[in-house]
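Heads up, the thing below is written out as structure tokens.
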Amino acid sequence: MKIHKMPWLASPLILVCVAGGARAANGNSSDDWPQWRGPGRNGLADRSPALLNSLVGQSPLWESEPISSGDEGGRGSLVVAAGRVFGMTSVRSGSQRFDEVFCLDAGDGRAMWRSRLPEAAGGEAGSSTPCLIDGRLYAVSSAGKVYCLDAGGGNVIWEAEVSRPGQEPIASSVAVVEGVAILLADPLIGLDATTGDVLWRQDKVTGHESSPAVWRTNDRAYVLCNTQRQTLCVDPASGQIVWQVAGGGRSTPVVAQEYGGDFLVNMSGDRRGGLSAFRLSLEGPRKLWNLPAFDRASSPVVFDGHVYAIAGGSNGHGARILCVHLDTGRVAWEETADFAEVSSPVVADGKLAAVCGTFLWLVEATGEKYSLLSQVNWRVTLCTSPAIVDGRLYLRQASAVVSYDLRQ
């Protein structure tokens, strides 16, 4: 593993809702969407103005200059902070392809800067989502390096090689916890967020797709991460394993607090693990229930005593939408859907925004009954997840980034 200092996914869908208590909170709460799954890495836009119920007939607020996604430009999602939109794509130069980090003005979509990473891209376009913390943007290239860039101008501060030759591209996204940049890069690795120096490797936590989640308890932070068959709790300072439990999968675990305790909700990639809920403690989680609802990569979201998740089996067809009570695992309602693929839903203003195929679905986030508010084909890139900031929605399409104003 080298450090260089520099001078400057197909499955039937199940959308699952699990009921329980008051609104979830997980650490940070802000108006921005600075990392994978938002400020709390949990899919919640905690502060949102009232949103439209119908999206039919809405035109984009803006569309960016050409930015490729999908097979050509990658399937990483967007982050939005301090009035800017950040993401990763790839560009061709002669016979080679290079990863590129881009920054757009969140108000009008114009390019602020584009920073081409120095080494040639890997065989597949990258699908990692950047992370913006304290003015630094952490991005993972398709060739298996972590880059730290100055978010103001895109200059590279440091780079760290974390992937071994022949490994698949890393889809996991960096989480910065207590000054440590943590990434599942087969194995889980902790880097000094300031210098890029390797602090630890945890060889028992393997994989390259699940992104770490953060659990804060007793004035300390812990990292929860999935392997293919397990969910593990890791000390971010040392990389030591605190506990582990069966389940796992490629999705990101979700921590829900302010429900009379701390809960872990997880979506596995098979029926045995399924959709599961645990009561968290440092001694180890206690399973509450699990259901045979599964997906290869989509992550749940917990809101107001409910959990929503896109889940399924293979190739994205034959989907269902489920609502389940958190305390008992009892199904409250379910609905079918035609197609979905890997994208993780988000919640703002009591409304669930979910990408199903290329469509954006807007569903009332309630356990009383299934209520589809709107369904529009906004040509969203498969496997990407939406970002919502101050009532504005940000999406990737095949050849551009677009923004829609959803405010009433």
Side-chain angles (χ1 to χ4, degrees), residues 13-20 22-24 29-33 37-40 42-63 77-78 80 85 106-107 109 298-311 319-325 332-340 343-381 384-397 401-408:
L13 167 77
I14 304 170
L15 186 57
V16 185
C17 162
V18 186
R23 180 169 185 145
S29 175
S30 76
D31 294 327
D32 286 335
W33 198 268
R37 307 220 71 210
N42 55 12
L44 290 177
D46 285 327
R47 301 170 184 172
S48 175
L51 303 183
L52 297 167
N53 288 328
S54 176
L55 307 180
V56 176
Q58 292 294 311
S59 298
L61 183 65
W62 52 257
E63 179 177 319
S77 298
L78 303 168
V80 185
V85 182
S298 178
S299 306
V301 57
V302 180
F303 169 74
D304 199 21
H306 304 79
V307 177
Y308 300 86
I310 298 176
R320 304 185 282 153
I321 301 175
L322 299 178
C323 176
V324 183
H325 291 277
W333 52 258
E334 67 176 89
E335 183 67 21
T336 59
D338 292 331
F339 183 84
S343 176
S344 299
V346 303
V347 171
D349 183 37
K351 298 176 176 69
L352 180 83
V355 175
C356 298
T358 61
F359 285 76
L360 182 80
W361 289 30
L362 201 63
V363 178
E364 193 72 38
T366 175
E368 295 180 4
K369 64 177 182 179
Y370 170 73
S371 178
L372 177 64
L373 299 174
S374 202
Q375 185 182 51
V376 288
N377 188 1
W378 281 348
R379 299 177 290 114
V380 187
T381 297
T384 62
S385 299
I388 298 180
V389 174
D390 192 27
R392 293 178 174 87
L393 177 73
Y394 300 87
L395 300 169
R396 292 191 74 168
Q397 295 180 338
V401 172
V402 295
S403 176
Y404 287 85
D405 192 343
L406 305 188
R407 294 174 296 177
Q408 286 188 9

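Predicted, not measured: the structure shown is a model, and the values here were computed from it. Only this structure's heavy atoms are used, side chains among them; waters, hydrogens and symmetry mates stay out. FYI, the numbering just counts along the sequence from 1.
Residue Thr384 holds its OG1 atom at 7.5 Å from CG of Leu78, rounded to the nearest 0.5 Å. With rounding to the nearest 0.5 Å, the separation of NE2 in His306 from CG in Leu352 is 11.5 Å. Note: Leu55 CG to Leu393 CG = 8.0 Å, rounded to the nearest 0.5 Å. The CG atom of Asn53 sits 5.0 Å away from the CG atom of Leu373 when rounded to the nearest 0.5 Å.
Here the closest heavy-atom approach between residue Val80 and residue Ala106 is recorded as CG1-CB, 4.3 Å. Nearest heavy-atom pair across Pro345 and Ala309 is CG-CA, 4.2 Å. Contact record, Ile310 with Val355: CD1-O, 3.8 Å, taken as the closest heavy-atom pair. Nearest approach of Ser344 to Ser385, heavy atoms of both residues: N-OG, 2.9 Å. Heavy atoms only, all atoms of each residue included: Phe303 and Ala365 are closest at CD2-CB, 3.8 Å. Here the shortest heavy-atom pairing between Ile388 and Ala353 reads CD1-CB, 4.2 Å.
In this structure Glu364 satisfies the salt bridge (Lys or Arg N to Asp or Glu O under 4.0 Å) test with no other residue, sequence neighbours excluded. Contacts of Trp62 classified as ring-ring contact (aromatic ring centres under 6.0 Å, His included), with partners at least two apart in sequence or in another chain: none. Legend: residues meeting salt bridge (Lys or Arg N to Asp or Glu O under 4.0 Å) with Arg407, ordered by chain and number and at least two apart, are Asp405. Applying the side chain to side chain contact (heavy atoms under 4.5 Å, CB included) criterion to Gln408, with sequence neighbours excluded, gives Ala50, Leu52. When the side-chain hydrogen bond (donor to acceptor under 3.5 Å, both in side chains) test is applied to Thr381, the partners found at least two apart in sequence or on another chain are Ser69. Every residue two or more places apart in sequence or in another chain was checked for a side-chain hydrogen bond (donor to acceptor under 3.5 Å, both in side chains) with Ser54, and none qualifies. Qualifying ring-ring contact (aromatic ring centres under 6.0 Å, His included) partners for Phe359, counting only residues two or more places apart in sequence or in other chains: none.
The side-chain heavy atoms of Leu395 and Trp378, taken from C-beta on, include a pair separated by under 4.5 Å. Contact annotation: the side chain of Ser374 approaches that of Val56 to within less than 4.5 Å [non-hydrogen atoms, C-beta and beyond]. Between Trp33 and Val346 there is a side-chain heavy-atom pair separated by less than 4.5 Å.
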### Query
Hey, mind stepping through Tyr308 and Val363 against side chain to side chain contact (heavy atoms under 4.5 Å, CB included) and telling me if it holds?
CA-CA 10 Å; Tyr308 300 86; Val363 178; 5.6 Å; no
### Task
Run the numbers on Leu44 and Val301 for side chain to side chain contact (heavy atoms under 4.5 Å, CB included), then give the verdict.
CA-CA 7 Å; Leu44 290 177; Val301 57; 3.9 Å; yes
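Listed by first then second residue, pairs satisfying salt bridge (charged side-chain N to carboxylate O under 4.0 Å, His left out) with a partner in residues 388-397 read Asp390-Arg392, not counting sequence neighbours. For residues 350-363, the pairs satisfying salt bridge (charged side-chain N to carboxylate O under 4.0 Å, His left out) are Asp349-Lys351, with sequence neighbours left out.
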